[in-house]
Each structure stands twice: as C-alpha cells, then as structure tokens.
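First comes the structure, then the notes that go with it.
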2 protein chains.
Amino acid sequence: MNERAFLEAYDPRDYPAVAVSVDVVALTIRDGVLSVLLVERGAAPFRSRLALPGGFVGDETLDDAALRELAEETGLDATNGRLARVHLEQLKSYGDPGRDPRMRVVSVAYLAFAPSLPDPRPGGDAAGAAWVPVATISEARLAFDHSRILADGLERARAKLEYSPLATAFVGPEFTIAELRAVYAAVWGEDLHAGNFHRKVLSVPGFVEGTGTTTARGGDRGGPRAKLYRAGDARVLHPPLLRPTSEEDVR
Amino acid sequence: MNERAFLEAYDPRDYPAVAVSVDVVALTIRDGVLSVLLVERGAAPFRSRLALPGGFVGDETLDDAALRELAEETGLDATNGRLARVHLEQLKSYGDPGRDPRMRVVSVAYLAFAPSLPDPRPGGDAAGAAWVPVATISEARLAFDHSRILADGLERARAKLEYSPLATAFVGPEFTIAELRAVYAAVWGEDLHAGNFHRKVLSVPGFVEGTGTTTARGGDRGGPRAKLYRAGDARVLHPPLLRPTSEEDVR
DNA sequence: TAAATAGTGTCTCTCAGACACTATGCA
DNA sequence: TGCATAGTGTCTGAGAGACACTATTTA
C-alpha cells in the first residue's frame with residue numbers, strides 16, 4: 001500500500017481514527033533550578049497524574065498548535081501568534097500504538113525555553129498546572145509516555161546550549177554573564193568556572209552584546225556591579241561552549 | 001479545549017479526518033555522488049512529479065512504518081524488522097494545513113543512510129523509483145512540501161557526520177579510510193585533506209577499528225594497498241570531525 | 001574590615017590544519 | 001619509470017581549562 005493508492009481509496013468514515021496532538025516540554029529556570037511545566041490530569045486515564053501540557057491539533061500549523069497550548073497553560077499573551085521571548089522548536093513525534101489507552105494518538109512534541117515566568121493559572125479543565133523542578137520528577141510519575149518525551153527534551157536542551165545561543169531565552173532581555181552562567185549550570189547540572197566562562201562567552205562573535213550599563217547593585221553578599229548584556233545576532237555559537245567532557249557516555 | 005475534555009467528547013465519526021503518513025529521505029552515495037531515493041507519482045495530485053517515498057501509517061510504530069516503506073521501495077529484505085546495514089532515524093514532522101491538497105495530512109519524515117544499493121525495482125503502484133543525485137534536484141521539482149523535507153534531511157545529515165559515526169552507514173562492512181573520506185566529501189560537498197583526515201579518524205576512540213587486512217589491490221592508478229577497517233562501537237565522535245568552517249553562515 | 005564576586009592575565013596542553021615527506025604499487 | 005595514493009612527521013596557531021590576581025561592592 002502506498003500513498004497514492006491509499007488516498008484514492010481513503011474514506012475517513014471507514015478508516016481507523018488517528019488523532020494528532022501536540023505536547024510541550026516547556027523549560028524554565030526558577031531560583032536557579034531547571035523546571036518543567038506540568039499539568040495535573042483531571043480525568044481518566046491517568047487521572048490526577050502529572051502530564052505535559054498538550055492538546056489536539058485544530059485547523060492550524062503544528063507550531064501554532066504548540067504555541068496555543070503553551071499560551072493556554074501559562075496564561076501568557078500570544079501576541080501576533082508569538083509568545084514574547086519564548087523559544088519554541090519541534091522536538092520529535094511519538095506514535096507507538098498503545099501509548100494512549102483509548103485510541104491511536106500520534107503526538108508531535110515541542111520544546112520551549114522561557115525566562116522565569118509566574119506560576120501558571122490553571123487552565124479551565126486541567127486540575128492544576130505548575131513549574132516542577134526536573135530533578136524531583138521520578139521516572140514513573142508522568143502520564144502516558146511523557147517521561148520519555150521529557151527525557152528527550154532535556155537531552156536536546158543540554159545539547160543545544162553547546163552550539164546555540166538559546167541560553168539567552170532563559171533570562172530576561174538584559175542579563176549579566178553570571179546569570180547566563182547560572183543557566184548553563186542549571187541545565188547541565190554542573191558548575192562552571194566563572195572566569196573561563198566569562199572570557200569564553202565574550203569571545204564568541206554575536207553571542208552577547210554589551211548594553212553599556214551595569215546592574216544597580218552588586219551581589220547580595222558583596223562584589224562589584226556587573227555589566228549588562230543583550231542577546232546578540234548569532235544563531236550558532238562558533239566556537240561552541242562544550243559541556244565538561246562527560247567522557248564515557250560516548251559508547 | 002484540552003486533551004482530556006477533548007478525548008471524552010471525541011468520536012472519530014464526526015471529527016475532521018487527519019491522516020498520518022511517513023516520508024523517507026533515504027540517502028546513499030553512488031559513484032561518489034550523494035543521492036536520494038525518489039519515486040515518480042502515478043496519480044494526481046502531482047501526477048508524474050517526483051516525491052519522497054512514503055505512505056500511511058498502519059497498526060505499527062512510526063519507525064516500523066518508515067522501515068516498511070523503505071523496504072517496499074528498495075526491494076530490500078526487512079529482516080527481523082531491521083533493514084540490514086541501514087541507519088534510520090526520525091527527522092521531523094510536517095503538518096501545515098494545505099500541504100496536501102486533498103485532506104489534512106501530518107507527515108512524520110524519516111532520514112535513512114544506506115550503503116550503495118542497486119537500482120530499486122519500482123513498487124507496484126509507483127510509476128518508478130530511482131536514486132537521484134541531490135545536486136540535480138531543483139527547488140520546485142518535488143511534490144508537496146518534499147523539497148523542504150529533503151533540505152531539512154540534508155542539513156541534518158551534514159550535521160550528523162560531524163559528531164556521529166554515521167558515515168560508516170554509507171559504506172560496506174569493511175572500508176578504507178579513503179572511502180570514508182569520500183563519504184564526507186560527498187555529503188559536505190568539499191574535499192578534505194587526505195593526511196589530516198586519516199590521522200583524525202584514527203584518533204577518535206571507537207570510530208573505526210582495524211581488521212588487520214588490506215585491499216587486494218592498490219588504487220586504479222597506483223598507490224599502496226589500503227588497510228581495511230570496520231565501524232567501531234562509538235555512538236558519538238569525541239572529539240568531533242568539524243566541517244571546514246563555513247564561517248559566516250552563522251548569523 | 002571581611003567576604004564575595006566581576007573581570008583579566010597567564011600558562012599549559014590539546015587539537016586542527018598546513019605542509020612536507022616516505023613508501024607502495026599500478027600503468 | 002612515472003605517477004597517484006596510503007600513511008606519517010612536524011610545525012604553528014587557536015582555544016580550553018587551571019590558576020592566580022586585581023578591583024569593586026556589600027554586610
């Protein structure tokens with residue numbers, strides 16, 4: 001069977017239904033901790049279990065569907081179809097038969113990076129929504145195959161920080177190098193050498209650009225005022241900021 | 001509307017049909033030229049236009065659907081559900097409304113790397129199938145949004161050669177360093193320095209392992225016999241083989 | 001005044017790339 | 001014998017990481 005023959009014989013009325021949904025792995029950093037947006041399911045199956053926010057695709061692009069779901073859960077405006085300062089990219093699709101006990105559902109997962117956002121107001125029909133530190137999420141806690149999706153999203157996020165400037169999507173429009181370093185530390189789960197990180201970031205063309213201003217105060221426990229930077233125009237980091245060599249997770 | 005409320009109210013009989021298909025960007029290197037498997041469409045729309053091989057998803061995983069489509073077009077056995085020596089990975093999903101003029105189709109695209117294969121025998125209902133050098137494919141020649149899918153697949157392939165050992169999927173079970181270099185040259189479209197490439201490949205742990213044997217003959221126009229290698233057990237190249245710096249495609 | 005942090009200087013080691021060179025084997 | 005190719009040696013420059021140090025600000 002191929003596409004051509006299939007489509008001509010196709011009648012949705014007599015074909016097993018397939019549903020297409022989007023699920024969003026929305027990451028942010030709250031109080032220095034990498035966190036993901038989860039909703040509590042209000043109905044069976046997996047009633048009262050945590051799940052990634054998501055829903056079915058309407059008459060819209062997949063990207064728009066993901067933006068819409070994210071906006072619904074976070075309560076943020078989707079101004080002109082764009083959530084301000086949120087990076088969104090497609091992650092992967094999941095379509096194993098049986099991943100949803102009710103019917104065949106192919107889910108297109110998205111990955112979102114957001115600066116620290118206020119607590120979400122629960123969407124109308126979800127029992128609740130919250131930013132949950134990823135370190136506290138055990139393997140079996142999420143509904144459906146969402147643990148797998150989350151794991152894939154985290155790995156993608158960690159890899160992307162190396163060669164893309166997306167760390168800036170986790171901070172405000174103006175930020176210090178130390179704030180940027182905290183993003184890397186939270187996502188990678190490793191502290192980075194402050195001096196070397198500083199020099200490295202400034203040496204990558206287009207990663208950040210100075211604003212000419214500094215913070216109003218030094219650190220809470222002392223220290224000079226830090227220079228403020230904006231995201232630059234680079235789309236790729238050249239050379240990349242490589243993770244501290246995890247060595248033998250290579251085979 | 002969210003997933004829970006939606007699913008309870010859901011009846012496939014009265015919901016706009018969405019179809020899920022897989023399309024495969026199958027790449028190989030024939031006579032030193034990067035080529036992709038294309039089929040000629042036998043029916044409208046896009047009748048007699050070239051397209052990526054693909055078809056609708058049955059009661060199977062997405063990966064299995066892609067394997068099946070690939071096996072159907074190439075005529076290769078899918079032994080134990082695995083096409084021998086073919087690497088297959090999910091690429092991206094495409095679901096813009098209107099990308100198929102007949103109905104809403106969400107297509108999950110796959111990327112396949114294969115060693116040089118014989119000419120495909122046309123599948124029963126496709127007008128024909130062939131390996132086509134990618135350099136000869138003009139922007140508007142492919143059906144649907146398949147040009148876009150192909151472009152995304154090529155970019156993924158080029159990037160993957162840098163940090164994964166997948167170049168070995170393009171050659172036979174035993175190969176010379178020069179053959180491996182030809183793969184990189186074909187995919188990246190740039191010649192690589194033979195001496196440096198040689199040393200670099202051997203310096204990456206687990207990329208290749210020697211067989212202790214050599215080719216039976218030297219090159220057609222002279223030269224010593226080359227040592228033969230097998231693919232090693234590394235899943236990631238550490239350090240990576242970076243593309244000759246394309247410099248300012250960075251912004 | 002003590003402590004913490006921003007930012008810089010410097011050294012070492014590794015690696016990429018350029019170039020040169022030897023060895024091998026085919027026409 | 002001439003030439004193309006396999007494979008190695010060596011040099012240079014760039015960058016990563018370790019470490020040290022100065023300057024600035026807060027409690």
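Naming convention: chains lettered A, B, ... in sequence-line order (proteins, then strands); numbering from 1 in each chain.
Residue pairs meeting the side-chain hydrogen bond (donor to acceptor under 3.5 Å, both in side chains) criterion with at least one partner in residues 160-174 of chain B, sequence neighbours excluded, are B/Glu89-B/Lys160, B/Glu162-B/Arg243. For residues 192-221 of chain A, the pairs satisfying ring pair (Phe, Tyr, Trp, His ring centres under 6.0 Å) are A/Tyr184-A/Phe197, with sequence neighbours left out.
One atom, NE2 of A/His198, and another, C1' of D/dT24, lie 14 Å apart when rounded to the nearest Å. Per the geometry, CG belonging to A/Asp220 stands 22 Å off P belonging to C/dA2, to the nearest Å. What separates CG of A/Leu241 from P of D/dG15 is a distance of 13 Å, to the nearest Å. Straight-line distance from the CZ atom of B/Arg221 to the C1' atom of D/dT1: 18 Å, rounded to whole Å. In this structure, A/Asp191 atom CG and D/dA18 atom P are separated by 13 Å, rounded to whole Å.
Taking 4.0 angstrom as the limit, A/Lys200 places a side-chain polar atom (N or O) nearer than this to OP1 or OP2 of D/dA16.
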Pairs: protein N or O with nucleotides 10-14 of chain D N or O, under 3.5 Å:
from, atom 1, to, atom 2, distance (Å)
D/dT10, O4, B/Arg199, NH2, 3.4

Contact list (N/O, under 3.5 angstrom) for nucleotides 20-24 of chain C vs protein:
from, atom 1, to, atom 2, distance (Å)
C/dT24, O2, B/Pro224, N, 3.1

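For DNA chain D, the residues of residues 178-188 of chain B within the heavy-atom distance limit of 4.0 Å (strictly under) are B/Ala178, B/Arg181, sorted by number.
A heavy-atom distance below 4.5 Å is not found between the side chains of A/Trp131 and A/Val36. The shortest distance between side-chain heavy atoms of B/Val201 and B/Val208 falls below 4.5 Å. Residues A/Leu27 and A/Leu111 meet the side-chain proximity criterion, which asks for heavy atoms closer than 4.5 Å. Considering only heavy atoms from C-beta on, A/Thr136 comes within 4.5 Å of A/Arg141 through its side chain.
Looking at residues two or more places apart in sequence or on another chain, you find no ring pair (Phe, Tyr, Trp, His ring centres under 6.0 Å) involving A/Tyr94.
Using a distance-only test at 3.5 Å, with no hydrogens or angles considered, a donor-acceptor pair links the side chain of B/Lys200 to the main chain of B/Pro240.
The shortest non-hydrogen separation linking B/Ser138 to B/Ser147 is O-OG, 4.4 Å.
In this structure, B/Arg148 pairs ionically with B/Asp152, as a charged nitrogen and a carboxylate oxygen lie closer than 4.0 Å.
Nearer to the 5' terminus of DNA chain D, by closest-nucleotide assignment, is the contact made by B/Tyr229 (compared with the other of B/Tyr229 and A/Ala216).
The side chain of B/Arg217 lies closest to C/dC26, out of D/dT8, C/dA16, C/dC26.
Within 6.0 Å of the CG atom in B/Asp191, the count of heavy atoms belonging to other residues, nucleotides or ligands does not exceed 12.
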